[in-house]
Amino acid sequence: MSLSQDQLKQQVAEAAVAYIREFFTADAVIGVGTGSTADKFIDALAPYKDQFKGTVASSERTAARLQAHGIRVFELNEIDSMPVYVDGADEVNPKLQMIKGGGGALTREKIVASVAERFVCIVDDSKWVTHLGRFKIPLEVIQMAKHAVTNQLKALGASEVVERSGFITDNGHPILDVAGFQLADAAALEQQINQIPGVVTCGLFALRPASVVLMAAPQGVKVITA
Ligand code: 5RP
C-alpha cells in the first residue's frame with residue numbers, strides 16, 4: 001500500500017513525539033518549528049501537554065496552533081535553555097544540513113533552534129537529497145537592501161534571485177528565493193551569505209546541521225544521524 005505525502009508527514013510527526021518523550025519534564029520547554037509537518041507534530045504533541053512546561057514557537061502560525069491546543073507558549077526572551085527543537089525542512093542531505101524557509105519562517109526557526117540543545121528534523125522521504133540545491137534558498141532581507149543583496153548574490157554565483165510574491169515575514173521583511181549556487185560546501189556558502197549587509201537570515205542550515213533526522217518512508221520511519 002502506498003502512503004501519501006500527508007500520511008508520511010503524519011507518521012513522522014507521531015514518531016517525533018515518541019522520540020522526544022524522554023525530554024518531557026516539569027521544567028522542559030520544547031522549541032517548535034513551522035510548516036505542515038510541524039503542524040502535525042503540534043497536534044500529536046497536544047495530548048502530552050501536561051508532561052512538560054511549555055513551548056517556544058518559531059512563527060505566529062505555530063504559536064496560534066499551540067495555543068489552540070491549550071499548550072503554553074513562552075517568549076524566547078523568557079527562556080535560558082531548551083532540550084530540543086523539532087521542525088521540518090525543505091531539503092536535508094546526509095550531513096544533516098538543511099534548506100529551510102519554504103514557509104518563510106526561517107529567521108525565527110534559526111533563532112529558536114540556536115537555543116536548543118538538539119535539533120530534531122522531521123521530514124518525509126521526498127525531502128532527502130544527496131546534494132542540497134534543488135530547492136531554491138530562501139533569504140530574509142531588509143526591504144531597502146533587496147537590489148544590493150541581489151547584486152552581491154549574483155557575484156557569488158547565483159543565477160536567479162526572485163522576490164517571493166505577496167509575502168512578508170513575521171518580522172516584516174521580504175524573502176528572496178535564490179537559485180543556481182554551487183553548494184559543494186554549504187557551510188562556507190552560508191557564512192558568505194550571512195556576511196552580505198542587508199541579509200537578515202539565510203535559509204541554509206549548514207553551519208549548524210540537525211542533530212538527528214526522522215524520515216518517514218513507505219517502509220517506516222528511519223532515524224538518521226550523520
Ligand atoms: C518553514 C520551513 C518548513 O520547515 C519547510 O518549509 C517544510 O515545510 P513542510 O513541513 O510544510 O513541508 O522551513 O519556514
Side-chain angles (χ1 to χ4, degrees), residues 3-17 19-20 30-45 55-66 76 84-93 96-114 116 118-129 132-141 162-179 186 190 193 199-217 221 224:
L3 296 174
S4 67
Q5 189 181 25
D6 204 57
Q7 288 170 313
L8 293 174
K9 287 181 180 192
Q10 183 63 37
Q11 280 194 351
V12 80
E14 288 167 13
V17 173
Y19 190 83
I20 67 161
I30 312 289
V32 184
T34 298
S36 57
T37 317
D39 279 349
K40 292 185 190 307
F41 168 72
I42 294 166
D43 298 346
L45 185 66
T55 55
V56 172
S58 61
S59 63
E60 303 294 345
R61 160 185 170 165
T62 286
R65 196 173 187 102
L66 288 162
L76 185 61
V84 65
Y85 174 76
V86 181
D87 198 358
D90 300 300
E91 280 187 359
V92 55
N93 72 10
L96 312 193
Q97 298 170 321
M98 298 161 280
I99 294 180
K100 290 184 46 54
L106 62 161
T107 297
R108 295 190 187 193
E109 291 172 342
K110 207 176 258 194
I111 294 168
V112 180
S114 75
R118 299 164 196 82
F119 186 137
V120 176
C121 175
I122 53 172
V123 291
D124 64 84
D125 58 356
S126 70
K127 309 291 185 67
W128 185 256
V129 295
L132 295 176
R134 196 176 52 195
F135 195 87
K136 292 179 184 170
I137 301 173
L139 300 188
E140 181 164 351
V141 298
V162 178
E163 181 172 357
R164 196 174 293 182
S165 172
F167 189 87
I168 291 293
T169 69
D170 285 348
N171 313 306
H173 303 126
I175 298 265
L176 300 178
D177 289 304
V178 185
E190 181 181 353
I193 295 175
V199 171
V200 178
T201 307
C202 169
L204 275 173
F205 285 54
L207 289 165
R208 190 188 171 202
S211 317
V212 62
V213 173
L214 305 187
M215 183 179 76
V221 176
I224 305 169

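Both ligands and their constituent atoms are indexed starting at 1 by order of listing. Since the model is a prediction, treat every value here as computed from it, not as a measurement.
Between Q97 and L132, the shortest heavy-atom contact is O-CD2, 3.7 Å. Heavy atoms only, all atoms of each residue included: A16 and F41 are closest at CB-CD1, 3.8 Å.
Listed by number with element, the atoms of ligand 1 under 4.0 angstrom from any heavy atom of G104 are 14 (O). Atom numbering of ligand 1 starts at 1 in the shown order; those under 4.0 Å from a heavy atom of G35 are 11 (O). For ligand 1, the atoms sitting less than 4.0 Å from at least one non-hydrogen atom of K9 are 9 (P), 11 (O), 12 (O), numbered in the order shown with element in parentheses. Residue D90 has at least one heavy-atom neighbour below 4.0 Å for each of these atoms of ligand 1: 5 (C), 6 (O), 7 (C), 13 (O). Of all atoms in ligand 1, numbered sequentially from 1 with element shown, those under 4.0 Å from a heavy atom of D87 are 4 (O). The T34 neighbourhood of ligand 1 comprises atoms 1 (C), 2 (C), 3 (C), 4 (O), with distances under 4.0 Å to a heavy atom of that residue. Near G88, meaning under 4.0 Å from any of its heavy atoms, are these atoms of ligand 1: 4 (O). Close contacts between ligand 1 and K127 involve ligand atoms 7 (C), 9 (P), 12 (O) [criterion: under 4.0 Å to a heavy atom].
In this structure, the separation between CD1 on I175 and CD1 on I137 is 13.0 Å, given to the nearest 0.5 Å. Interatomic distance, I20 CD1 to I30 CD1, rounded to the nearest 0.5 Å: 4.5 Å. Of the inter-residue distances, the one linking D124 atom CG with L214 atom CG reads 12.5 Å to the nearest 0.5 angstrom.
Between G103, S36, G33, A13, it is S36 that holds the heavy atom closest to atom 9 (P) of ligand 1. The residue among K100, Q5, E109, M98 with a heavy atom at the shortest distance from atom 1 (C) of ligand 1 is E109. Here atom 13 (O) of ligand 1 lies nearest to G101 when heavy atoms of G101, G203, P138 are compared.
From the protein, the heavy atom lying nearest to atom 10 (O) of ligand 1 is T37 OG1, 2.6 Å.
With sequence neighbours excluded, no residue forms a side-chain hydrogen bond (donor to acceptor under 3.5 Å, both in side chains) with T37. Partners of D43 under the salt bridge (charged side-chain N to carboxylate O under 4.0 Å, His left out) rule, at least two apart in sequence or in another chain, are R65.
Judged by distance alone, the side chains of E14 and Q10 do bring a donor and an acceptor atom under 3.5 Å apart. Judged by distance alone, the side chains of S4 and D6 never bring a donor and an acceptor atom under 3.5 Å apart.
Of the heavy atoms in A89, only backbone atoms (N, CA, C, O) come closer than 4.0 Å to ligand 1. Contacts of V123 with ligand 1, taken as heavy-atom pairs under 4.0 Å, are absent altogether.
Taking 4.0 Å as the cut-off between side-chain N and carboxylate O, E190 and K110 count as a salt-bridged pair.
Between A105 and ligand 1, an N or O atom pair is found at a separation short of 3.5 Å.
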